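Take a look at the structure set out below.
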Amino acid sequence: MKNVLVTGGAGFIGSNFIHYFLRTETDVRLINLDSLTYAGNLDSLQDIANDPRYRFVQGNICDSEQIDAVLREYQIDTIVHFAAESHVDRSILGPRQFIETNVMGTFTLLDATRNYWIRDKAHALDDVRFHHVSTDEVFGSLAPGEPAWTEETPYAPNSPYAASKASSDHLVRSYGHTYGLPYTITNCSNNYGPYQFPEKLIPLTILNALEGKPLPVYGDGQQIRDWLHVEDHCEAIYLVLAKGKTGSTYNIGGENQPANLTIVETICDILDEVNAGAEFTPHRNLIQFVKDRPGHDRRYDMDTHKISTELGWRPRHTLTEGLLDTVQWYLAHPEWVSVVRQRQEYKGWLDANYKSR
Ligand code: NAD
Ligand code: DAU
């Protein structure tokens, strides 16, 4: 790993990964290519913007000429591919962009990489890696008591987002099988932590609660997700890059599966304590059950046996500590929050998704 291209590094997990990576690897050059959609935010990387090992390039993974030029200019030998449209509710209201970015963008990136690494033999194939960051949502939904998903579970994506990610996983695998592109894939469960865009359940709940706004819980709130602190995800990706077997996929999960309603109630209880005396205490009074997400997956659960036995990875954060840290992070970063929330796009999204619920 000498010249690393991170795509989507201005997003939630990408920016956390860049921080993690630059803390862990000293002798490396890292190029962050991001088109800066509504979800991209360079404020999340302000502290390392002038690090001589780091370079930001504004660019789109669908632009093959630009990708080709970046690969060659920086002699990229390692790619960590985060760039995607990532929000399920947006994929329900407008699926086209998910196909453009997640399917066509991943295809464009793969094809440019194949040309550079395989056709033009830019590096020895033992020295390169295309790592694709994917999701547990490709597996669909579990009934109560069904066993957790393993790396062998057949794909059954339910939302346009999940289907677009499943397609991208298949494309990556096919480039390995057909052209010999050295790749790894990780499928991870729900992340939470610093720098998460407040359209997702945990930051939305924290920020709405602080303003005394309703806390929307879809349906009966008994849907189950597997929650993982974003730093644990970054560590797992790093380990897969460093030690994972080429051509392998690894499941990553947090061993935490409370119902959505429990997550929202826990955040309310944390705020009652850390923000004691706030006008809206007890925050649980703000919870509102609203119309369910169409096609809402009921339950996720990841079997992480493979990554724990092969690479020795286990999540370090418990959900209780992780949620407390996350609430405290949002309280301590009012500037980051206010810039994101003042954007017209964000206000428009809240109206589009919640007004008719
Ligand atoms: P995010 O929405 O916060 O960030 C996505 C980033 O990609 C943004 O910076 C955006 O500007 C950039 N981007 C979007 N389209 C682009 C394009 N065409 N070209 C270049 N950049 C583009 O997403 P996230 O939550 O950080 O997720 C990152 C990756 O991890 C995604 O691939 C997602 O599917 C996957 N994932 C996310 C989670 C989760 O819980 N958030 C869990 C598992 C896997
Ligand atoms: O499982 C991994 C996936 O987790 C990632 O691949 C996605 O990129 C990421 O967005 C996330 O998807 P979810 O749909 O699970 O995340 P979200 O935070 O949107 O929702 C979490 C749960 O909370 C889900 O069951 C829907 C519910 N929810 C969400 C919102 C935004 C609510 O009840 N109310 C809400 O307002």
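Being a predicted model, the structure only gives us computed values, none of them experimental. When a ligand or atom number is given, it counts from 1 through the structure's own listing order. Numbers here simply count residues along the sequence, with the first being 1.
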Inset, instruction - Could you tell me which atoms of ligand 1, counted from 1 in the order shown, lie closer than 4.0 angstrom to a heavy atom of C188? - result: 42 (C), 43 (C)

Inset, instruction - Determine whether L207 and V327 fall in the same hydrophobic cluster, where Ile, Leu, Val, Met, Phe, Trp and Tyr are linked whenever their side-chain heavy atoms lie under 4.5 Å apart. - result: yes

Inset, instruction - Identify whether the distance between the nearest side-chain nitrogen and carboxylate oxygen of R284 and E265 falls below 4.0 Å. - result: yes

Inset, instruction - Could you tell me whether D169 and R173 make a salt bridge, using a distance below 4.0 angstrom between a side-chain N and a carboxylate O? - result: no

Legend entry - Salt bridge R316-E235, side-chain N to carboxylate O under 4.0 Å: yes

Legend entry - Interfacing atoms of ligand 2 (cut-off 4.0 Å, heavy-atom, L204): 36 (O)

Legend entry - Enumerated ligand 2 atoms positioned under 4.0 Å from heavy atoms of Y300: 1 (O)

Inset, instruction - Following the transitive rule for hydrophobic clusters with a side-chain heavy-atom cut-off under 4.5 Å over Ile, Leu, Val, Met, Phe, Trp and Tyr, establish whether L45 and L5 coincide in one cluster. - result: no

Legend entry - Per-atom contacts of ligand 1 with T37, taking only distances under 4.0 Å to non-hydrogen atoms: 10 (C), 11 (O), 14 (C), 15 (N)

Inset, instruction - Identify, for atom 44 (C) of ligand 1, the protein heavy atom at the shortest distance, and state residue, atom and that distance. - result: S134 O, 3.1 Å

Inset, instruction - Distance to 0.1 Å, residue and atom name: give those for the protein heavy atom nearest to atom 18 (N) of ligand 1. - result: N60 OD1, 2.8 Å

Inset, instruction - Give a yes/no on ligand 1: does F197 have at least one heavy atom closer than 4.0 angstrom to it? - result: no

Inset, instruction - Please confirm whether K165 comes under 4.0 Å of ligand 2, counting heavy atoms of the residue only. - result: no

Legend entry - Y354 N/O to ligand 2 N/O under 3.5 Å: yes

Legend entry - Taking atom 3 (O) of ligand 1 as the reference point, the nearest protein heavy atom with its distance: F12 N, 3.0 Å

Inset, instruction - Report yes or no: is the cationic atom of R90 (NZ for Lys, CZ for Arg) under 6.0 Å from the centre of the six-membered ring of Y38, at an angle within 45° of the ring normal? - result: yes

Legend entry - Proximal ligand 2 atoms for D136, defined as those under 4.0 Å from one of its heavy atoms: 1 (O), 2 (C)

Legend entry - Cationic N near anionic O, under 4.0 Å, E345 to R343: no

Inset, instruction - Starting from atom 41 (N) of ligand 1, locate the nearest protein heavy atom and write down its residue, its atom name and how far away it is, to 0.1 Å. - result: I13 CD1, 3.7 Å

Legend entry - Atoms in ligand 2 flagged as close to V217, the criterion being non-hydrogen separation under 4.0 Å: 33 (O)

Inset, instruction - Look at ligand 1 and say whether T7 reaches it with a heavy atom at a distance under 4.0 Å. - result: no

Inset, instruction - Share the residues that join V138 in a hydrophobic cluster, the rule being Ile, Leu, Val, Met, Phe, Trp or Tyr side chains under 4.5 Å apart at the heavy-atom level. - result: F139, L142, W149, Y155, Y300, M302

Inset, instruction - Could you say whether the N/O atoms of P216 and ligand 2 ever approach to under 3.5 Å? - result: yes

Inset, instruction - Mark up the atoms of ligand 2 that fall under 4.0 Å of a heavy atom belonging to K200, in ascending order. - result: 10 (O), 18 (O)

Inset, instruction - State plainly whether the residues D232 and R314 are in salt-bridge range, i.e. N to O under 4.0 Å. - result: no

Legend entry - Salt-bridge criterion met for R225 and D136 (N-O under 4.0 Å): no

Inset, instruction - Name the closest protein heavy atom to atom 8 (C) of ligand 1, giving the residue it belongs to and the distance to 0.1 Å. - result: D34 OD2, 3.6 Å

Legend entry - Atom indices of ligand 2 within 4.0 angstrom of H296 heavy atoms, with elements: 24 (C), 25 (O), 26 (C)

Inset, instruction - Could you tell me which residues satisfy salt bridge (Lys or Arg N to Asp or Glu O under 4.0 Å) with R298, sequence neighbours excluded, listed by chain and number? - result: D220

Legend entry - Proximal atoms of ligand 2 relative to Y161 (non-hydrogen, under 4.0 Å): 5 (C), 6 (O), 7 (C), 8 (O)

Inset, instruction - Salt-bridge test for D301 and R299: reply yes if a basic N is under 4.0 Å from a carboxylate O, no otherwise. - result: yes

Inset, instruction - Please write down residue, atom name and distance for the protein heavy atom closest to atom 42 (C) of ligand 1. - result: S189 O, 3.3 Å

Inset, instruction - Indicate yes or no: does K245 engage E310 in a salt bridge with an N to O separation below 4.0 Å. - result: yes

Inset, instruction - Could you list which atoms of ligand 2 come closer than 4.0 Å to a heavy atom of H87? - result: 19 (O)

Inset, instruction - Can you pull out the closest protein heavy atom to atom 15 (N) of ligand 1? Residue, atom name and distance to 0.1 Å, please. - result: T101 CG2, 3.4 Å

Inset, instruction - Look at ligand 1 and say whether S15 reaches it with a heavy atom at a distance under 4.0 Å. - result: no

Legend entry - atom 32 (O) of ligand 1: nearest protein contact (heavy atom, Å): K165 NZ, 2.7 Å

